[in-house]
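Note that these values count all heavy atoms, side chains included, but never hydrogens, waters or copies made by symmetry. Just so you know, residue 1 is the first one in the sequence shown, and it goes up from there.
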Amino acid sequence: MPAIFETFLKQLSESVDQTDFREAMASVALRLDLLTFAYLSLPLQPSGEARLISNYPPSWTAYYLRNRYHKLDPIVLRARCGGCPFIWEPDLRGVGISQVQQRLFAEAAEFGICCGLTIPIVDRRGGVAAMTFAADEPNSAFMRAAEKHEQALQLMATYFHIHVRRKLSGNRMVDGVLLTPREHECLQWAARGKSASDMGCILGVKPRTAAFHLDNAKKKLGVRTQNQAIALLASSQSSIL
């Protein structure tokens with residue numbers, strides 16, 4: 001497990017878009033005998049859009065988001081309350097489940113999503129997310145794998161959430177200062193040990209242009225050295241959870 005976890009963290013650190021994140025989680029889930037997953041991050045504002053990163057069938061995820069099912073999905077509603085990971089099965093369709101929710105379960109089952117382990121995530125910013133590992137039937141092999149790795153999966157889900165929020169949220173505030181997209185990007189690469197020359201190759205700009213953006217970031221943050229700017233970036237990111 002340590003080697004799997006280390007590889008997973010490395011993939012997360014190198015991920016830059018939803019495709020990278022999906023491949024990182026799909027890879028580790030497969031190694032733990034859990035074939036399908038879905039990470040759903042709920043919007044902070046009622047008018048916002050939910051973010052879904054998953055290897056479920058694309059036709060189902062598109063349909064789910066289009067119908068805004070996250071607003072009535074019983075699994076998501078339970079995850080909103082936080083708490084411990086929970087197993088859910090088809091018998092959740094019993095008392096207290098509306099006809100619309102019953103239809104949601106039936107439609108999901110048509111795509112092979114019949115039961116699962118869901119991990120609620122609630123962060124310090126008020127953000128709510130859920131990571132679900134699903135199966136097409138409540139077979140003992142899936143349940144054994146889910147229960148065996150529950151604690152590790154909870155930790156992986158948390159790290160996944162942190163990295164997604166950092167890299168995909170569009171939040172460029174560092175120590176209360178709003179940086180430009182390029183300033184923030186260069187500072188993030190600097191935090192990974194990249195030189196201005198490295199950044200030039202990665203971003204397709206001249207090294208002096210990357211250095212220019214880093215200097216601007218330092219001036220805005222009121223610090224003299226790059227390490228001080230990196231420390232402020234790390235401090236701002238650590239407040240996510």
Side-chain angles (χ1 to χ4, degrees), residues 1-9 11-12 15 18 21-44 50-56 60-61 64 69-97 101 104-105 108-109 111-166 168 240-241:
M1 178 59 75
I4 293 175
F5 189 68
E6 183 178 347
T7 300
F8 176 64
L9 289 183
Q11 287 182 286
L12 287 183
S15 296
Q18 288 200 177
F21 282 110
R22 181 173 63 250
E23 291 178 355
M25 182 54 76
S27 176
V28 73
L30 182 61
R31 295 183 69 179
L32 299 178
D33 298 320
L34 300 167
L35 300 182
T36 57
F37 82 94
Y39 165 81
L40 179 70
S41 179
L42 300 176
L44 293 175
R51 181 190 301 278
L52 181 58
I53 302 176
S54 168
N55 64 349
Y56 285 176
W60 167 246
T61 55
Y64 185 99
Y69 272 169
H70 63 278
K71 291 193 171 184
L72 56 89
D73 188 338
I75 307 305
V76 176
L77 295 178
R78 178 171 173 180
R80 276 183 175 274
C81 300
C84 298
F86 58 91
I87 294 282
W88 53 272
E89 298 183 24
D91 60 8
L92 186 63
R93 303 179 225 181
V95 178
I97 302 298
Q101 290 171 323
L104 187 159
F105 275 110
F111 291 90
I113 305 164
C114 299
C115 63
L117 167 71
T118 294
I119 302 167
I121 305 167
V122 180
D123 64 37
R124 291 180 182 176
R125 295 182 178 180
V128 176
M131 179 71 78
T132 294
F133 299 91
D136 56 0
E137 60 180 20
N139 60 72
S140 58
F142 169 78
M143 293 303 179
R144 283 198 303 269
E147 292 174 359
K148 176 182 178 181
H149 302 300
E150 182 177 305
Q151 290 186 331
L153 292 171
Q154 189 172 11
L155 187 59
M156 289 176 178
T158 300
Y159 274 99
F160 188 90
H161 176 71
I162 292 173
H163 281 271
V164 167
R165 281 291 173 94
R166 285 178 180 175
L168 303 184
I240 290 178
L241 289 179

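- Remark: Y69 engages Y63, Y64 in a ring pair (Phe, Tyr, Trp, His ring centres under 6.0 Å) (not counting sequence neighbours).
- The CD atom of Q101 sits 8.0 Å away from the CG atom of D73 when rounded to the nearest 0.5 Å.
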message = Let's go through E150 and I119 carefully: what are the C-alpha distance in whole Å and the side-chain angles of both, what is the deciding distance for side chain to side chain contact (heavy atoms under 4.5 Å, CB included) to 0.1 Å, and is it a yes or a no?
response = CA-CA 9 Å; E150 182 177 305; I119 302 167; over 6 Å; no
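- In terms of heavy atoms, L153 sits closest to A146 at CD1-O, 4.3 Å.
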request  = Go through M1 and H149 one step at a time and tell me if the side chain to side chain contact (heavy atoms under 4.5 Å, CB included) criterion holds.
outcome  = CA-CA 9 Å; M1 178 59 75; H149 302 300; 3.5 Å; yes
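- Distance alone, capped at 3.5 Å, is enough to place a donor-acceptor pair between the N55 side chain and the L35 backbone.
- Interatomic distance, R31 CZ to T7 OG1, rounded to the nearest 0.5 Å: 5.5 Å.
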message = Apply side chain to side chain contact (heavy atoms under 4.5 Å, CB included) to residues R51 and Q18 and explain how you reach the verdict.
response = CA-CA 10 Å; R51 181 190 301 278; Q18 288 200 177; 3.1 Å; yes
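- Side-chain atoms of S15 come within 3.5 Å of backbone N or O of Q11 as a donor-acceptor pair.
- Judged as a ring pair (Phe, Tyr, Trp, His ring centres under 6.0 Å), and not counting sequence neighbours, the contacts of F160 are F21, Y39.
- Taking CZ from F142 and CD1 from I87, the interatomic distance works out to 5.5 Å, rounded to the nearest 0.5 Å.
- Distance alone, capped at 3.5 Å, places no donor-acceptor pair between the T132 side chain and the F37 backbone.
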